[in-house]
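The basis for the numbers below is simple: all heavy atoms, side chains too, and nothing from hydrogens, waters or symmetry mates. From a predicted model like this one, the values you see are computed outputs, not experimental measurements.
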Amino acid sequence: MKFGFWRSMTQWRSNRRRWLQFAGLFTVCLMLSVSCGRTQSGVSTSPTGGTEAGNGRVTMGTTLEVRTIDPADAYETFPGILLYNLGDRLYTYKPGTTELVPQLATELPKVSSDGLTYTIPLREGVKFHDGEPFNAEAMAFSIQRFIENGGRPAFLMSDKIDTVTATGENELTIKLKQPFAAFPAMLTFSGMTPVSPKAYEIGSGKFKPDTFVGTGPYKLAQFGTDAVRLDVNETYWGEKPGNQGVDIQIISSPANLYNTFRTGGLDVAYQTLDPDQIRSLVSEKDKGGWQVIEAGTNTINYMVLNQKVKPLDNPKVRQAIAAMIDRKLLVDRVFQGQAEPLYTLIPNTFPVSKPVFETQFGDGNYEKAKTLLNEAGITEANPLDLEIWYSSTSTTRNLIASTMKAAIEQNLPGLVNVKLDSVESATLFGNLDKGTYPAVLLDWYPDFYDADTFVHPFLSCDKGSPTAGCEEGQSQAGGSFYYSPEANKLIDQQRTEQDAATRDKLLGQLQDLAATDAPYVPLWQSKDYVFAKGNVQGVSIQPTQQFLLWQIKK
């Protein structure tokens, strides 16, 4: 067991991560509720509540938690954004694109013919915030620390890396346990942010949650549950920030974030506002004089179908469920346009994404659903009883499930009966790998920007059979119990394939197979919103979902 309670509780990366986000937010809310009235130190506000003009600092508000800033343990959304701005990584993405480019490396890695050994040349002249030099030894130390200290995301690298070695002052060599074509993309993960060996230790559980000593454009000046302050690193090797620093307010609720921004107390408001608040800010942007920045996300939402439960073990029944889902109705009714229909497991921000569920089944195609159900022996005399579960803490999923039930039962009267059930998150995720639930509404946050992270965790299985289903592996942990030798073969092939075009073809075949077998039904892809004052420039959401604070200025 690598993560004690957390790992054993879910054994499913997405759900675990989502649960951690929920648990963290819950904890922060509790902490804030008992500390009502505390001054949010480090935030530059005027006596009237507005941000100070002319000091060049940007004030940002969010409801997201900051449990830790240690790269070896941080696994939530907002610490990842902070680390992306406080530190560097070997590779990053060219702003505004999904083009992988060197950052602390000087070129893309040289990969051995067997796909196991990556040789990476490093940038010279870079120093950590404490003045210590960045070199191959420091990078190897940081990766080894990430693996050995046993933080929440440690498995990402411990499952992949065999050895990491400084093979020169400015040359790093990483040997993998098995070929993995997405490895350079994985090196952009925030946990791969190097830290000063003088300031950190290697050892199980040896974390520094409230300090940071890296190489990035900002230094951490203050870290707390209600405020984080970033100061400019005046000796940064790269492009200097466009502002004089960033003051971040951790706000207790969407309502407070909404009101604080509307009354001029923030330059930027980013995550998380309710749909009605977003709609209000969008519709009043001209009157209010603020900017609305909208972008698609890489977060997918789906329904998992447990094929150990009859009649969901019949592919025609699963296909029929896929056909009867009206995604456009869900997006319009529940999200008021603040989401997009999703027709495959790989979000449409990836060029390789194929709308295979729309092609094969249509959208809200009740005639096709009826035909498929009849072929599976489901009739009005023998109707399908579909039991859908979701987290009781999610208002959105409650609305989605209710809308689904109404639409299905209205269009397939007497043929499908939908029963809705909810349970608190810890119980839901704890039972997912036990096969307790026939169908569950879930979501998935990727760890890094590569299509592999949308197929391997869903479709792979280490042990099982087509008749028994998955008995050990990712799909068992995720609650579908899907087992397909063809899917396992395609996943292994795309992971070892170094030619991008060939790999894209394999990923396309995997999506086709996922639609045909339908162990999951893709539902919607979330949208992301940022609101900024009219005088603030450079606010954008990157295609990789990163938020580049150093580009913001006013």
Side-chain angles (χ1 to χ4, degrees), residues 20-52 57-69 74 76-86 209-210 218 220-230 243 245-282 284-285 288 290-293 297 338 393-396 526-533 536 539 541 545 547 549 552 554:
L20 291 173
Q21 289 177 325
F22 160 75
L25 283 168
F26 181 68
T27 302
V28 168
C29 289
L30 278 177
M31 295 174 70
L32 288 172
S33 67
V34 298
S35 61
C36 182
R38 286 171 55 187
T39 301
Q40 294 190 344
S41 56
V43 178
S44 304
T45 56
S46 72
T48 58
T51 54
E52 285 183 0
R57 296 186 69 87
V58 171
T59 303
M60 175 178 162
T62 183
T63 64
L64 297 177
E65 69 153 332
V66 194
R67 178 184 58 87
T68 176
I69 201 68
E76 298 88 0
T77 299
F78 201 56
I81 291 174
L82 292 176
L83 287 170
Y84 212 84
N85 288 275
L86 285 162
D210 55 1
Y218 291 104
L220 184 65
Q222 179 190 349
F223 180 89
T225 56
D226 58 359
V228 178
R229 182 184 176 99
L230 312 184
N243 52 65
V246 181
D247 299 316
I248 300 168
Q249 294 186 38
I250 311 299
I251 296 178
S252 58
S253 71
N256 286 344
L257 177 61
Y258 174 78
N259 290 326
T260 307
F261 177 74
R262 282 188 69 101
T263 54
L266 299 169
D267 294 317
V268 178
Y270 180 57
Q271 293 198 3
T272 304
L273 294 165
D274 292 338
D276 285 343
Q277 294 162 345
I278 291 173
R279 184 179 60 175
S280 172
L281 291 175
V282 170
E284 297 178 25
K285 67 174 184 176
W290 50 71
Q291 306 169 61
V292 178
I293 297 95
T297 73
Q338 296 169 24
T393 58
S394 173
T395 303
T396 299
S526 304
K527 285 185 181 179
D528 207 359
Y529 289 85
V530 185
F531 299 92
K533 280 184 176 178
V536 177
V539 179
I541 303 169
Q545 303 300 287
F547 198 68
L549 297 176
I552 302 175
K554 62 178 185 179

Participant: Set out, in order, the CA-CA distance, both residues' side-chain angles and the distance that settles side chain to side chain donor-acceptor pair (under 3.5 Å) for Gln271 and Asp528, then state yes or no.
Facilitator: CA-CA 8 Å; Gln271 293 198 3; Asp528 207 359; 3.2 Å; yes
Participant: Kindly determine whether Leu266 and Gln249 satisfy side-chain contact (heavy atoms from CB on, under 4.5 Å), including the steps that lead there.
Facilitator: CA-CA 9 Å; Leu266 299 169; Gln249 294 186 38; 3.7 Å; yes
Participant: Atom CZ of Phe223 and atom CG of Leu82: how far apart are they, to the nearest 0.5 Å?
Facilitator: 7.5 Å
Participant: Can any side-chain N or O of Asp267 pair as donor or acceptor with the backbone N or O of Gly61 at less than 3.5 Å?
Facilitator: no
Participant: With under 30° as parallel and over 60° as perpendicular, where do the rings of Phe261 and Phe531 fit, or are they tilted in between?
Facilitator: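 Ring orientation, 0 to 90° scale: tilted.
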Participant: I'd like to know if the side chain of Asn243 reaches the main chain of Arg57, judged simply by a donor and an acceptor atom lying under 3.5 Å from each other, with no hydrogens or angles considered.
Facilitator: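 Checked: no pair found.
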Participant: What's the spacing between Trp290 CH2 and Ile293 CD1 if we round to 0.5 Å?
Facilitator: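 One gets 13.0 Å once the value is rounded to the nearest 0.5 Å.
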Participant: Kindly say whether Ile251 contributes a backbone atom to a donor-acceptor pair with the side chain of Asn256 at under 3.5 angstrom?
Facilitator: no
Participant: Side chain of Thr260, backbone of Leu257: donor and acceptor closer than 3.5 Å?
Facilitator: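 Here the side-chain-to-backbone pair does not exist.
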Participant: Are Val539 and Tyr270 side-chain neighbours, meaning at least one heavy-atom pair lies under 4.5 Å?
Facilitator: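 Result no, sub-4.5 Å side-chain heavy-atom pair not found.
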Participant: Start with the C-alpha distance between Tyr258 and Ser280, add both sets of side-chain angles, then the distance that settles side chain to side chain donor-acceptor pair (under 3.5 Å), and finish with yes or no.
Facilitator: CA-CA 10 Å; Tyr258 174 78; Ser280 172; 2.8 Å; yes
Participant: Looking only at atom types and distance, does a side-chain atom of Gln338 sit under 3.5 Å from a main-chain N or O of Pro275, one as donor and one as acceptor?
Facilitator: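 Flag set: sc Gln338 to bb Pro275 pair under 3.5 Å.
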Participant: To the nearest 0.5 Å, how far apart are CG in Asn259 and OG in Ser253?
Facilitator: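 Those atoms lie 8.0 Å apart.
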Participant: Which of these passes side-chain contact (heavy atoms from CB on, under 4.5 Å) with Thr272: Thr62, Leu64, Thr77?
Facilitator: Leu64
Participant: Can you name the nearest heavy-atom pair linking Tyr529 to Val282, along with the distance?
Facilitator: CE2-CG2, 4.3 Å
Participant: Are any of the side-chain heavy atoms of Val292 and Val530 separated by less than 4.5 Å?
Facilitator: no
Participant: Using 0.5 Å steps for rounding, measure from the OH atom of Tyr84 to the CD1 atom of Ile81.
Facilitator: 11.0 Å
Participant: Give a yes or no answer on whether the side chain of Gln291 reaches the backbone of Lys533 with a donor-acceptor pair at less than 3.5 Å.
Facilitator: yes
Participant: Mark yes or no for whether Thr297, through its side chain, and Ser526, through its backbone, hold a donor-acceptor pair below 3.5 Å.
Facilitator: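 Yes.
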Participant: The test is side-chain contact (heavy atoms from CB on, under 4.5 Å); show your working for Val58 and Leu549 and say whether it passes.
Facilitator: CA-CA 9 Å; Val58 171; Leu549 297 176; over 6 Å; no
Participant: Would you compute the distance between atom OG1 of Thr68 and atom CG of Asp210 and round it to the nearest 0.5 angstrom?
Facilitator: 8.0 Å
Participant: Side chains of Val228 and Asp247: does their closest heavy-atom pair fall under 4.5 Å?
Facilitator: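 Result no, sub-4.5 Å side-chain heavy-atom pair not found.
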Participant: Okay, side chain of Arg67, backbone of Pro79: is any donor-acceptor separation there less than 3.5 Å?
Facilitator: no
Participant: Taking all non-hydrogen atoms of both residues into account, name the closest pair between Leu83 and Ile69 and its distance.
Facilitator: CD2-O, 3.3 Å
Participant: Going by heavy atoms in the side chains, are Ile552 and Val536 under 4.5 Å from each other?
Facilitator: yes
Participant: Is there side-chain contact between Leu281 and Leu273, with at least one heavy-atom pair below 4.5 Å?
Facilitator: yes
Participant: Given Arg279 and Asp276, is the side-chain contact (heavy atoms from CB on, under 4.5 Å) satisfied, shown in steps?
Facilitator: CA-CA 5 Å; Arg279 184 179 60 175; Asp276 285 343; 3.6 Å; yes
